[in-house]
Amino acid sequence: MTASAEDSVVLKVEGMTCGHCVGRVQKALDTAPGVHAAKVDLESGTAEIRFGAETDTAKLIGVVEAAGYTAQAA
């Protein structure tokens with residue numbers, strides 16, 4: 001198996017107010033197809049995501065929005 005190309009993006013996530021919110025966004029991103037790693041931070045209101053060619057920023061924003069929050073590329 002060969003290594004695939006990897007991209008990264010930082011999303012500004014609005015609506016997170018507590019650790020439960022962070023956990024919800026983290027779980028949604030961790031289980032999204034193509035996501036290699038994600039780190040959600042309440043203090044900065046961001047999600048740093050590394051992902052492969054099978055997904056893109058628009059799909060990742062959709063994942064965060066499906067979890068109940070607003071997101072946009074930072």
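The chain is numbered in sequence order, starting from 1.
- Between Gly45 and Met16, the closest heavy-atom pair is CA-CE, 4.0 Å.
- In this structure, OG1 in Thr17 is found 6.5 Å from OH in Tyr69, a value given to the nearest 0.5 Å.
- Val64 is connected to Leu42 through a chain of hydrophobic side-chain contacts under 4.5 Å among Ile, Leu, Val, Met, Phe, Trp and Tyr, so both are in one cluster.
- Exactly one residue among Glu48, Gln26, Arg24 makes a side chain to side chain contact (heavy atoms under 4.5 Å, CB included) with Val40. That residue is Gln26.
- Distance check: Asp7 CG to His36 NE2 gives 9.5 Å after rounding to the nearest 0.5 Å.
- With values rounded to the nearest 0.5 angstrom, Gln72 atom CD is found 9.5 Å from Glu65 atom CD.
- Lys12 places a side-chain N or O within 3.5 Å of a backbone atom of Ser44 that can act as its donor or acceptor partner.
- We find the CG-CD1 distance between Leu11 and Ile49 to be 4.0 Å, quoted to the nearest 0.5 Å.
- Taking all atoms of both residues into account, the shortest heavy-atom contact from Leu29 to Ala47 is CD1-CB, 3.9 Å.
- For the pair Thr55 and Leu60, the minimum side-chain heavy-atom distance is below 4.5 Å.
- Residue Val25 is grouped with residue Val9 when hydrophobic side chains (ILVMFWY) are merged at heavy-atom distances under 4.5 angstrom, including chains of intermediate members.
- Heavy-atom minimum distance, Ala67 versus Ala28: CB-CB, 4.0 Å.
- Looking at residues two or more places apart in sequence or on another chain, you find no side chain to side chain donor-acceptor pair (under 3.5 Å) involving Thr57.
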